[in-house]
Amino acid sequence: MPDWSYHPLHKLLLNKISAKNSREFLHKSMSTLSSIPGGRALIGFLGHMNPPRELQRDIYHTKFPSPIGLSGQIDPNMSGINAFQELGFGFLEIGPIVLYEPKEKHEPKRENNRILFSNYQEKVPLKLVIKKLTKLNIEIPIIAKIDSQVKSNEWDIIVQHLAPFVDAFIGTSEQIHSSVTHKSSLCLDRSFYVSFSTDELNKIKSQMENLSQYSSIAGIVLHAPYQAVGSYWHEETQTNELLTKTVKEIKSLYPELIVVTSGGVETPDEALALVQEGTDLLLLTDGYIKAGPGLPKRIHEKLLHEEVQPMPNQKWYWSFLFGFSILFGGIIALYFALTSIILPYDEAFIGLTKTDILQLNPRILAFMSHDRMALAGTMISGGIIYIQLARHGIKYGLHWAKVAFHSAAIVGFLGIFLFIGFGYFDWLHGLFWLVLLPIYYFSFREGRKVIGTPSSSHGKNDKTWQYGIYGQLMFVILGFSILVGGIVISVIGVTKVFITTDLSFLCMSPQMIDTISNNLIPVIAHDRAGFGGALVSVGLLVLTLSLWGFRKGERWIWNTLAIGALPAFIAGIGTHFYIGYTTFIHLLPVYFLILLYIAGLVLSYPFLKKK
């Protein structure tokens with residue numbers, strides 16, 4: 001669930017139901033989706049959240065794909081654990097774990113737009129943990145937090161049973177000392193982290209000498225300070241500052257100590273502050289709820305911006321040429337649509353000249369012009385977006401831009417098979433694709449080394465970011481609508497060809513058109529299917545650009561969407577008024593798309609255009 005759907009859904013639905021119900025609704029929905037065939041791929045497609053390789057951490061024989069993890073208090077029932085690994089997390093905490101099912105469950109509650117957690121956290125019985133972990137295929141490290149009230153005999157049972165499924169354990173210093181004294185569960189090939197609160201600095205200092213003698217002790221977990229509200233609590237307002245200060249002091253005393261922080265992060269800037277002071281791993285808590293599921297990805301981009309040198313420019317000229325060829329082809333198609341409309345080989349196939357058709361029904365040529373102009377406008381729009389992806393994405397090594405470029409291009413090439421749905425193959429169109437094919441081949445080859453992850457300097461959850469989320473939502477809906485519209489038009493083009501308003505405009509039935517020439521409908525169908533295929537390709541471009549390209553100050557994204565969509569809209573609306581085909585219900589989808597386009601531009605302008 002990306003931020004652009006999470007935040008609107010929160011306002012419309014989740015804030016109106018209990019904290020637990022909204023949590024379980026989100027987690028179970030995502031888990032169900034990730035469990036069906038292709039579900040995890042869909043989550044990955046929507047978010048493109050895989051952690052960048054540059055941020056991998058190797059700690060105590062465990063490889064963490066990212067230093068960002070999720071606290072167990074966010075998902076105590078483990079109902080969403082199957083989906084979290086697709087949201088960019090490098091590891092997951094589960095727990096607090098107890099041996100038996102607790103008699104009482106203390107659920108969180110919402111108060112004054114804030115999530116309050118009970119002093120008696122929701123606890124997870126060992127049986128449920130084993131059931132979940134044996135059923136799921138978790139590919140990132142799991143750290144099991146054992147409840148602080150668990151006694152030494154129960155501790156050993158839990159550790160022994162979970163050791164095959166998890167990579168590390170978290171416990172209190174008392175629990176670990178007791179375990180060492182009575183039974184050496186620490187001898188297992190698993191690492192252990194000792195849990196402390198921020199105000200226990202003196203306790204940490206006093207126990208470091210004892211802890212350091214055990215090779216299984218990987219480090220400490222430092223919990224953010226909190227403020228009590230009756231029998232509930234929430235993180236303090238200055239949590240990040242206090243946590244950062246404590247980490248700095250600990251690292252100054254014990255520079256080699258592995259420090260994991262839990263909480264205190266609601267923005268990428270706050271995560272960066274902790275990392276810069278020496279935090280090795282971060283567990284997100286209620287800041288994740290406020291900021292949304294995109295927070296890990298945004299933190300990655302902020303860390304990359306600060307820590308990693310940008311990739312050298314990649315080869316992009318063939319990709320640029322591919323986009324320019326699409327643009328140039330669209331201009332040629334527009335010229336023919338505004339002048340001759342049909343070409344000599346069209347006339348030869350139909351068995352009628354342009355003059356013959358005009359004498360029989362002039363609206364037939366007008367209708368064919370309307371499809372060909374719409375196709376031309378769509379090609380010009382697609383060409384502009386391809387060019388921009390090459391100039392600003394592939395050139396700078398952005399993997400997401402390469403995926404967007406080639407996904408749409410391959411779909412566009414496959415669209416050529418739609419042209420023969422009614423037995424007519426446009427040789428000029430086929431020749432155009434044959435010219436494009438070698439250009440695309442070299443474009444594909446030059447993009448093989450494009451594997452970079454984007455970075456971003458933006459680290460706040462400010463108003464411009466919030467507006468940007470809603471602007472992104474508008475463009476995601478726009479891209480998806482164009483994609484669906486293209487599929488529908490393609491299907492119509494290879495099946496019944498006409499819709500009711502088309503026949504009303506033509507003042508003829510398909511049977512009457514067939515009496516003019518049996519080959520006339522195949523030519524019309526080829527135009528319609530070709531237009532639909534082009535729309536699918538452009539819809540995919542707009543969708544992927546909107547899903548993966550939105551970052552603070554990315555002016556080229558706004559410019560691409562603003563300029564790239566204009567030719568398609570101008571041709572789509574203009575051609576209908578040009579030929580007099582202005583039926584409101586027929587143009588309603590285009591009007592809807594234009595409203596999305598304008599709203600998206602207005603809402604995203606402060607986020608994308610202002611640095």
Side-chain angles (χ1 to χ4, degrees), residues 23 27 49 51 55-57 59-60 62-76 78 80-81 84-85 87-97 108 115 117 121-122 124 138 140-148 166-172 191-198 200 218-226 233-236 239-240 242-244 246-247 250-251 257-300 302-303:
R23 178 191 73 195
H27 292 175
M49 292 181 173
L55 298 181
Q56 284 183 1
R57 301 286 194 270
I59 299 175
Y60 201 85
T62 301
K63 179 174 287 187
F64 294 87
S66 158
I68 313 302
L70 183 66
S71 168
Q73 74 185 48
I74 301 301
D75 186 26
M78 301 175 64
I81 191 171
F84 285 129
Q85 57 188 329
L87 300 181
F89 288 108
F91 65 105
L92 297 174
E93 180 191 67
I94 57 175
I97 299 168
I115 299 295
F117 295 93
Q121 281 183 288
E122 295 174 271
V124 196
I138 308 300
I140 57 177
I142 300 290
I143 299 180
K145 178 182 179 181
I146 301 178
D147 185 65
S148 59
V166 304
D167 300 271
F169 294 90
I170 299 174
T172 65
S191 54
F192 291 78
Y193 293 87
V194 188
S195 177
F196 295 99
S197 62
T198 309
E200 292 182 312
I220 66 171
V221 177
L222 198 59
H223 293 272
Y226 62 86
W233 59 271
H234 62 79
E235 290 186 0
E236 291 187 5
T239 292
N240 183 259
L242 296 169
L243 194 57
T244 303
T246 306
V247 171
I250 291 172
K251 278 291 189 175
L257 179 66
I258 299 298
V259 176
V260 183
T261 58
S262 180
V265 173
E266 190 177 334
T267 69
D269 277 347
E270 292 176 340
L272 176 65
L274 286 169
V275 170
Q276 288 178 332
E277 295 301 343
T279 301
D280 299 281
L281 300 172
L282 300 92
L283 283 165
L284 302 183
T285 56
D286 62 333
Y288 177 72
I289 301 171
K290 298 172 187 175
L295 182 57
K297 180 180 179 180
R298 294 170 60 214
I299 293 174
H300 294 154
K302 181 69 175 181
L303 294 178

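The chain is numbered in sequence order, starting from 1. None of the values given here were measured: they were computed from a predicted structure.
Listed here is the closest heavy atom pair of Pro141 and Gly90: CD-O, 3.2 Å. Here the closest heavy-atom approach between residue Leu242 and residue Pro225 is recorded as CD1-CG, 3.8 Å. What you find for Pro296 and Tyr288 is that their closest heavy atoms are CD-CE1, 3.9 Å. In terms of heavy-atom proximity, Gly80 sits nearest to Asp75 at N-OD2, 3.0 Å. The two atoms that bring Val166 and Ala144 nearest to each other are CG1-CB, 4.1 Å, heavy atoms only. In terms of heavy atoms, Pro268 sits closest to Leu295 at CD-CD1, 4.0 Å.
Between Ile68 atom CD1 and Leu283 atom CG the span is 9.5 Å, to the nearest 0.5 Å. One finds the CG atom of Leu303 at 7.0 Å from the CD1 atom of Ile299 (value rounded to the nearest 0.5 Å). Between the CG atom in Asp269 and the CZ atom in Arg298 there is a gap of 9.0 Å [rounded to 0.5 Å]. Here Ile170 contributes atom CD1 and Ser262 contributes atom OG; the two are 7.5 Å apart, rounded to the nearest 0.5 Å. Distance check, rounded to the nearest 0.5 Å: CD1 of Ile74 to CD1 of Ile115 gives 8.5 Å. With rounding to the nearest 0.5 Å, the separation of NZ in Lys63 from CD in Gln56 is 5.0 Å.
The pair Asp280-Lys251 counts as a salt bridge, with a side-chain nitrogen and a carboxylate oxygen less than 4.0 angstrom apart. Electrostatic pairing of Lys302 and Glu270 does not count as a salt bridge here, judged by no charged N lying under 4.0 Å from a carboxylate O.
Panel note: side chain Glu93, backbone Gly72; a donor-acceptor pair is recorded below 3.5 Å. A donor-acceptor pair is defined here as one N or O able to donate and one able to accept, closer than 3.5 Å; such a pair exists between the side chain of Thr198 and the backbone of His223. Under the 3.5 Å distance criterion, the side-chain polar atoms of Asn240 are left unmatched by any main-chain donor or acceptor of Val265. Under a 3.5 Å cut-off, the side chain of Glu235 and the backbone N or O of Gly264 do form a donor-acceptor pair. A donor-acceptor contact shorter than 3.5 Å is absent between the side chain of Asp147 and the backbone of Ile97. Here the side chain of Glu200 pairs a donor or acceptor atom with the backbone of Ser197 at under 3.5 angstrom.
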Next item on the list: May I have the step-by-step check of side chain to side chain donor-acceptor pair (under 3.5 Å) for Thr244 and Glu277, ending in yes or no?
Entry: CA-CA 7 Å; Thr244 303; Glu277 295 301 343; over 6 Å; no

Note to self: For Leu282 and Val260: C-alpha separation, side-chain torsions, deciding distance, then whether side-chain contact (heavy atoms from CB on, under 4.5 Å) applies.
What the structure shows: CA-CA 6 Å; Leu282 300 92; Val260 183; over 6 Å; no

Margin query: side chain to side chain donor-acceptor pair (under 3.5 Å), that's the test. Do Gln73 and Thr285 meet it? Break it down for me.
Written below: CA-CA 7 Å; Gln73 74 185 48; Thr285 56; 4.6 Å; no

Margin query: One pair to check against side-chain contact (heavy atoms from CB on, under 4.5 Å): Asp167 and Ile143. What are the steps and the verdict?
Written below: CA-CA 6 Å; Asp167 300 271; Ile143 299 180; 5.6 Å; no

Next item on the list: Kindly indicate, with the supporting measurements, whether the criterion side-chain contact (heavy atoms from CB on, under 4.5 Å) is fulfilled by Phe196 and Val221.
Entry: CA-CA 6 Å; Phe196 295 99; Val221 177; over 6 Å; no

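Inter-residue side-chain proximity for Pro67 and Val275 is flagged as unmet; no heavy-atom pair is nearer than 4.5 Å. The shortest side-chain heavy-atom distance between Leu243 and Leu222 falls under the 4.5 Å cut-off. Side-chain contact between Pro108 and Arg23 is present, with at least one heavy-atom pair separated by less than 4.5 Å. The closest side-chain heavy-atom distance from Phe89 to Leu284 is below 4.5 Å. With contacts defined as side-chain heavy-atom distances shorter than 4.5 Å, the pair Ile142/Phe91 does not qualify. With a 4.5 Å cut-off on side-chain heavy atoms, Val124 and Ile94 do not count as touching. Taking the side chain as every heavy atom from C-beta outward, Ile81 and Leu92 approach each other to under 4.5 Å. The shortest side-chain heavy-atom distance between Leu281 and Ile59 falls under the 4.5 Å cut-off.
Remark: the Ser66 side chain and the His300 side chain contain an N/O donor-acceptor pair separated by less than 3.5 Å.
A perpendicular orientation is assigned to the rings of His27 and Phe84, their planes being inclined by more than 60° (bins at 30° and 60°).
Around OH of Tyr226, the count of heavy atoms belonging to other residues, nucleotides or ligands within 6.0 Å does not exceed 12.
For an aromatic pair to be called close, the ring centres must be under 6.0 Å apart, and Tyr193 with Tyr60 fails this.
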